[in-house]
Asks: 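Below you'll find the structure I mean.
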Amino acid sequence: MAGPHRSGNKVRESRKVRLAKKGQERNQAKLKKEYRKHVSRSRKRSYEIQSPDVKERMKQNESQLTQREKEKKKKTRADSKNRAERFR
């Protein structure tokens, strides 16, 4: 005998609730996009107002950072591969 608490039984939300949730998701996506755009503009501006020697140093720091991140990712991948081989 199946009772009212059957598994897999979904309650359908009203149309108004579904539309409200969709609207919220759209607003969140819009805010996220605006935030990314603002951050991008801010970074560009902060770079542009620097003197040439500082700009050069900023470029150098950024390239060093990307290199370090690549090496770290490579090391992590190798370590996890070694661990996986140990437990086989």
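Numbering starts at 1 and runs along the sequence shown.
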Asks: Could you grab the distance from atom NZ of Lys73 to atom OG1 of Thr76, nearest 0.5 Å is fine?
Replies: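 It is 9.5 Å, given to the nearest 0.5 Å.
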Asks: On a heavy-atom basis, which atom in Thr66 and which in Ser63 lie closest, and how many Å separate them?
Replies: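 For Thr66 versus Ser63, the nearest heavy atoms are OG1-O, 2.7 Å.
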Asks: Answer whether the closest heavy-atom distance between the side chains of His38 and Glu34 falls below 4.5 Å.
Replies: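 His38 vs Glu34: side chains apart.
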Asks: Checking side chain to side chain contact (heavy atoms under 4.5 Å, CB included) between Gln50 and each of Met58, Glu56, Arg57, which is the one that passes?
Replies: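 Exactly one candidate clears the test, Met58.
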Asks: Looking at every heavy atom in both Arg12 and Arg18, which two are closest together, and how far apart are they?
Replies: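 It is NE-NH1, 3.0 Å.
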Asks: Let me confirm one number: the CD-OG distance from Glu48 to Ser46, rounded to the nearest 0.5 Å.
Replies: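 Rounded to the nearest 0.5 Å, the CD-OG separation comes to 9.0 Å.
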Asks: Look only at the side chain of Ser40 and the backbone of Arg36, and say whether a donor-acceptor pair between them is shorter than 3.5 Å.
Replies: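 Looks like no, no N/O pair under 3.5 Å.
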Asks: Applying side-chain contact (heavy atoms from CB on, under 4.5 Å) to Gln64 and Gln60, what does each step give before you reach the verdict?
Replies: CA-CA 6 Å; Gln64 287 175 351; Gln60 187 64 31; 3.5 Å; yes
Asks: For the residue pair Lys59 and Tyr47, what are the closest heavy atoms and their distance?
Replies: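 In terms of heavy atoms, the two residues are closest at CE-OH, 3.0 Å.
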Asks: Could you grab the distance from atom OG of Ser80 to atom NZ of Lys75, nearest 0.5 Å is fine?
Replies: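 Rounded to the nearest 0.5 Å, the OG-NZ separation comes to 10.5 Å.
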Asks: Determine, for Asp79 against Arg83, whether the closest basic-nitrogen to carboxylate-oxygen distance falls under 4.0 angstrom.
Replies: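 Salt bridge between Asp79 and Arg83, a charged N being under 4.0 Å from a carboxylate O: no.
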Asks: Assess whether atom NZ of Lys21 is packed by more than 12 heavy atoms of other residues, nucleotides or ligands within 6.0 Å.
Replies: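 Incorrect, the count does not exceed 12.
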